[in-house]
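Here the structure is laid out as structure tokens; the discussion comes afterwards.
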Amino acid sequence: MSGCSAGHREWHRSRRKLSWNSLSRYSSVWDGINGALKIFSDWCAEHPGAVENMAVIIGSFFAAWKITSLATGIMDMVSKIGSLGEIVSKLGGLVGTVFNPWTLAIAAVIAIGVLLWKNWDTIKEKAGQLKDWVVEKTTALKDGAVGAFTGLRDTQSQARDV
């Protein structure tokens, strides 16, 4: 740059200064992004079950979306065939409104099925605990009713003997 004019040298200096300031600003933004990603990564490491369940739910909605896209494509193909296509195209508005709830229903069924499958051991254990609790309460209720009726019978018998 020794052969450059003073104005040209000043332009190079200001460009370097601008680059350094921009880099400094971007560096602090990048540090903030890295900090947020670190927090998220730590949370994911501490909660793998929740992350897996979210992945299942998101995957289920994606699968349901693809299924309804396939069905819509089939309906479009059938509508282009001819006279049957006229009927199908008249139902096109209905098909559009039907598939949105269907998408949600299919996604929910898939997600419920996968979550049941993944958590079957826990569900089975809790169902066993619920069964034990119901049996215990039912037995206590039966014993209480039998005791009450036995007491009533005895009281009625004693009243008759008097």
Side-chain angles (χ1 to χ4, degrees), residues 1 4 7-81 84-85 87-147:
M1 280 206 305
C4 295
H8 192 82
R9 281 192 299 273
E10 183 60 33
W11 179 80
H12 275 289
R13 267 189 242 124
S14 64
R15 196 180 85 190
R16 272 186 263 146
K17 184 176 180 182
L18 179 64
S19 295
W20 180 254
N21 288 340
S22 298
L23 180 63
S24 174
R25 234 178 287 128
Y26 290 129
S27 178
S28 64
V29 170
W30 186 250
D31 289 343
I33 292 170
N34 278 338
L37 289 174
K38 171 86 170 95
I39 292 169
F40 178 71
S41 174
D42 292 345
W43 183 87
C44 289
E46 292 172 13
H47 303 91
V51 174
E52 288 176 12
N53 291 339
M54 283 189 282
V56 166
I57 291 168
I58 291 168
S60 298
F61 278 104
F62 180 73
W65 176 63
K66 283 300 186 180
I67 289 169
T68 56
S69 294
L70 174 66
T72 303
I74 291 170
M75 294 299 287
D76 287 344
M77 182 180 72
V78 169
S79 70
K80 292 177 183 174
I81 289 176
L84 178 61
I87 296 170
V88 172
S89 66
K90 288 179 183 177
L91 294 174
L94 178 63
V95 169
T97 59
V98 169
F99 276 125
N100 193 20
W102 280 107
T103 301
L104 296 175
I106 292 168
V109 167
I110 293 170
I112 289 168
V114 171
L115 290 173
L116 279 172
W117 171 68
K118 284 183 62 187
N119 297 303
W120 185 250
D121 293 335
T122 304
I123 292 168
K124 188 175 166 185
E125 177 186 336
K126 295 297 180 186
Q129 291 172 358
L130 177 64
K131 180 198 75 136
D132 293 343
W133 180 83
V134 168
V135 167
E136 176 187 329
K137 296 301 177 187
T138 304
T139 302
L141 181 65
K142 178 195 72 134
D143 292 344
V146 167

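Just so it is clear, the values below take in all heavy atoms, side chains as well, and ignore hydrogens, waters and symmetry mates. Numbers for residues simply follow the sequence, beginning at 1.
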Practice prompt. Quick one: closest heavy-atom pair of Ala111 and Ile57, and the distance?
Written response: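 That would be CB-CG1, 4.3 Å.
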Practice item. Please indicate whether Lys118 has more than 12 foreign heavy atoms, meaning atoms of other residues, nucleotides or ligands, lying under 6.0 Å from its NZ. Key: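 Counting other residues, nucleotides and ligands, NZ of Lys118 exceeds 12 neighbours.
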Can Lys38 and Asp42 be said to form a side chain to side chain contact (heavy atoms under 4.5 Å, CB included), step by step? CA-CA 6 Å; Lys38 171 86 170 95; Asp42 292 345; 3.0 Å; yes
From the list Leu115, Val114, Leu116, side chain to side chain contact (heavy atoms under 4.5 Å, CB included) partner of Ile112 resolves to Leu116
### Task
Compare all side-chain heavy atoms of Lys137 with those of Trp133 and state whether any distance is below 4.5 angstrom.
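Yes - at least one pair of side-chain heavy atoms lies under 4.5 Å apart.
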State, yes or no, whether a side-chain contact exists between Lys142 and Val146 at a heavy-atom distance under 4.5 Å.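 Lys142 vs Val146: side chains touch.
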The reported gap from OG in Ser41 to CG in Asn34 (rounded to nearest 0.5 angstrom) is 11.0 Å
